[in-house]
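Note that this is a predicted model, so its numbers are computed, not measured.
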Amino acid sequence: METQKTVLFLYVTLFCSLLHFSVPVFIPTDNFLLNCGSNSNASLYNRVFIADGSSKSVSLAAERSISLTNKNPSPNSPALYTTARVFPTDASYKFHIRRNGTHLVRFHFSPFVAQNFRLTSGKFVVLVNGMLILKDFSAQDVVLKEFIMQVDSDMLEIMFRPVGESGFGFVNAIEVFSAPSDFIIDDGARLISSGGSIEDFKNLSWQILETIHRINVGGSKITPFNDTLWRTWIPDDGFLVLKSAAKRVVTTNPPNYQKGGSSREIAPDNVYMSAQEMNRDNATIDARFNITWNFPVGLHGVRHLVRLHFCDIVSSSLNQLYFNVYINDYSAYKDLDLSTITIHTLASPVYVDFVTESDDSGLMRISVGPSYLSGSLKLNAILNGVEIMKMVNLASSETGEKKKNVWIVVGSVVGGFLSLCLALLAVVFLFKCKKKKLKPRTAESIGWTPLRVYGGSSHSRASDGTVNASPGQNGYHRLRIPFADIQLATNSFDKSLIIGSGGFGMVYKGVLRDSTKVAVKRGVPGSRQGLPEFQTEITILSKIRHRHLVSLVGYCEEQSEMILVYEYMEKGPLKKHLYGPECTPLSWKQRLEICIGAARGLHYLHTGSAQGIIHRDIKSTNILLDENYASKVADFGLSRSGPCLNETHVSTGVKGSFGYLDPEYFRRQQLTDKSDVYSFGVVLFEVLCARPAVDPLLAREQVNLAEWAMQWQKKGMLEQIIDPHLIGRIKPSSLKKFGETAEKCLAEYGVDRPTMGDVLWNLEYALQLQESGSQKEPHDDSNTNAPGLPTATNVPQAQSSNIGEERDDDNGSSDVRTSQVFSQLMTNEGR
């Protein structure tokens, strides 16, 4: 009987492999395949590698490189591995990139002996665009090294540098090719801290990732022939801790790919057509146990991206399978229901990304086990595939030393201390408050629940400070849009209409029945920015109106969908107009007007109600431009109410985007409106310098824009780092005022930062200086409460009637009067 099962498994596996001959091949925009050290081409897995000296798009700078040929190759050795190029001194390949974005870079090393060179003796480092990715490397056997990285320039340089006097570098073949645009996305990964807490991990696509493991769980080996990105997936047998706990399951039906889920480029069909499930053949009905795998990863304390692949090929109907996922014994995903995150379709592939550190054991432990939401007859858990990628530490091309991420170190220490303090405070708080009995969650409640007509959903978290405005005369129903109308508006979510993406989901351009152009943000059920953010956006935007805040047209939550519909902003995010391949440079006046508009919107958020609203995620991608380049602040999913009148701050978990995050908020977990001011200061320098807030591909001192720009500002040499398109086009007085404003926004302590009203006034003043150049510069110490703020007597008359002029009306527009703004400018009490 066991033999018959084995034969059946092999037959099914072979059949699954044959299915791939009809799968279309992914064609990358950039596709460089180099046969190094050879004068002829060579093939590997039906891919032709070009001789490295004959490619017109690749240049080799190696004065003393040596071409080697193995005269006695083994019978099974590919022709690609019979030649190598040796580098006794520094040498580099330069690849001319056609399209920026995520790329895969692979190095083939196959050491042999030829011409007095024993390639196993080579010792060298490898740098890509100045970033150290291989340190003191030596190949003792055939090895493939794969890296995934973001390329944002038209040139990719790979340098080989020997280590020691007798050291030398070598390589047999190099691959550099484009990955699909959604291969690694910035938002959506779950960061699992050393204490087990889970939060969002941002800017994932800017990490350099080295592939450590690529596993086809429950299946056989997959070769590059059957993978659209030419990857190798190995079986999981050797990594299972207790093989008797797992049972292979396979299907002959191809996966049901869905928009917003996985794709054949994320993982091939064969990964999703096989799995390991709980082996219940010899278990009691209600036995609960986990399936566990141990994957060696080496060094302790190194961050890894863990990508887990799932496809429900074991259930007969929806909402049968609930299970938990654990990484290094921490709960990574509780009560996972694949039918809710795959748009209600069985056998639909999906993947989930986690970021976590390796522990003292040097292993990455991954487990799946049943959820308590499952009935005793349906206890099960599955896993289809695993990828583990190390986050490579960046290094300087001059020193080769590892870069230290100060925030990670500080965050680990401070975060642990704060967690202990918060735990103690929580205990005290529980003793003081009246205990409330929680209603048990049923299996049905695990999906997305509808918004209540007068308040939040049953999943909203009051403790997280979500803004709780009243729903108004007609509740939220007046904003509801039928799902059918949204499908019609977006042509059934046509991929060609995608205009952006984020942690919440994809954003589509659409046209409603009344010809209104809209932006449709479609959430993915199970996304890391889910229901709380969905409700926060509706709660805030249904109550406020301001010409510099993006308006909410409506929302939809039918069929487990979470969809937000906004007014369409023709020119898109500010970031797109500052840098990037399709960037059209903005004039200095345009940039000032954009900053002023955004400051107006933020000022209204902070002052338009008794407590005010703190945005918490100000960045250039959340400032949108209309057809006239007027700016509006967007994305209020992380926003929350400000402190009450008798409070100085709000204590809350840290949320925001890397590079824009207020360091004081990060350290103390105390949120104020000055946290938005800090983020806006980063945006001001981003506008001036036309570069990202964080760019890991730059030299060490330039990686963080805020720190780098502040150094130049304090030296009085800010003009040295401005956008080249602005050189000679900014009046010195305007630049001086703008730089001082940004500097004060980035003060270390919030109490030393100006209010958004102060910032708004200074930007208006910088614009007037640019247009006239004749206004006398105010004294920086004229007001001790707002350093650098002009006195009320120096307010330009041409601008005074415009600041905060928005008036209240029956439609809920803003209520910021001129007198309110100037109460902050002229009186100490207003601060």
Side-chain angles (χ1 to χ4, degrees), residues 20 25-28 30-62 65-88 91-96 103-122 124 126 128 133-134 137-148 156-160 168-179 210-211 214 221-234 268:
H20 285 277
V25 177
F26 170 70
I27 302 176
D30 294 315
N31 190 23
F32 304 99
L33 307 176
L34 296 187
N35 182 15
C36 300
S38 176
N39 294 322
S40 59
N41 301 341
S43 295
L44 184 68
Y45 297 115
N46 291 336
R47 303 169 74 206
V48 178
F49 286 70
I50 307 299
D52 62 353
S54 61
S55 176
K56 295 181 180 179
S57 298
V58 181
S59 58
L60 172 62
S65 70
I66 301 170
S67 297
L68 292 186
T69 301
N70 188 359
K71 301 298 184 183
N72 299 300
S74 60
N76 297 324
S77 178
L80 188 68
Y81 293 166
T82 61
T83 62
R85 187 170 293 279
V86 177
F87 310 105
S92 66
Y93 289 94
K94 291 185 178 180
F95 299 81
H96 295 275
H103 284 63
L104 278 82
V105 179
R106 293 177 183 153
F107 301 94
H108 297 256
F109 301 104
S110 180
F112 55 80
V113 179
Q115 299 177 21
N116 298 324
F117 275 98
R118 184 180 295 275
L119 295 184
T120 54
S121 301
F124 54 98
V126 179
V128 177
I133 61 171
L134 283 176
F137 178 73
S138 181
Q140 302 302 309
D141 204 346
V142 177
V143 62
L144 173 68
K145 287 288 186 179
E146 177 186 272
F147 299 88
I148 303 168
L156 180 73
E157 182 181 30
I158 297 176
M159 175 173 286
F160 296 84
F168 60 87
F170 82 95
V171 66
N172 301 80
I174 300 175
E175 302 177 45
V176 176
F177 61 91
S178 307
E210 179 184 358
T211 303
R214 187 168 279 134
K221 181 178 180 179
I222 301 175
T223 66
F225 278 120
N226 294 324
D227 188 299
T228 56
L229 293 184
W230 308 283
R231 295 163 294 191
T232 298
W233 302 70
I234 66 174

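In this structure, the separation between OG on Ser40 and CD1 on Ile50 is 10.5 Å, given to the nearest 0.5 Å. Rounded to the nearest 0.5 Å, atoms CZ (Phe160) and CG (Leu134) are 8.5 Å apart. One distance of note links OG1 of Thr211 with NZ of Lys145; it measures 10.0 Å at 0.5 Å rounding. Between the OG atom in Ser121 and the CD atom in Gln140 there is a gap of 7.5 Å [rounded to 0.5 Å].
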Pairs under 3.5 angstrom only: tabulate donor-acceptor contacts from the side chains of residues 71-81 to other protein residues two or more places apart or in another chain.
| from | atom 1 | to | atom 2 | distance (Å) |
| --- | --- | --- | --- | --- |
| Tyr81 | OH | His108 | ND1 | 2.7 |

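Between Phe117 and Phe168, the two ring planes are perpendicular [angle over 60°; tilted spans 30° to 60°].
Looking at Asn70, its side chain never comes within 3.5 Å of a backbone N or O of Phe112 through a donor-acceptor pair. Without hydrogens or angle criteria, Ser178 side chain to Asp30 main chain gives a donor-acceptor distance under 3.5 Å. Put simply, the side chain of Asn172 never gets that close to the backbone of Cys36: no donor and acceptor are under 3.5 Å apart.
Here the closest non-hydrogen pair linking Asn35 and Phe49 is CB-O, 3.7 Å. Of all non-hydrogen atoms in Leu119 and Ser110, the two that sit nearest each other are CD1-O, 4.3 Å. Across all non-hydrogen atoms, the minimal contact from Gly37 to Thr83 is O-CB, 4.0 Å. Nearest heavy atom pair, residue Gly122 against residue Ser138, reads O-OG, 3.0 Å.
A ring-centre distance under 6.0 Å is found for Phe109 and Phe137.
Taking 4.5 Å as the limit, some side-chain heavy atom of Pro111 sits within range of a side-chain heavy atom of Phe170.
With a 6.0 Å radius and a threshold of 12 heavy atoms from other residues, nucleotides or ligands, Asn31 has its CG atom above the threshold.
For Glu146 and Arg231, the salt-bridge test fails: no basic side-chain N is under 4.0 Å from an acidic carboxylate O.
For the pair Arg47 and Phe177, the distance from NZ or CZ to the six-membered ring centre is under 6.0 Å and the angle to the ring normal is within 45 degrees.
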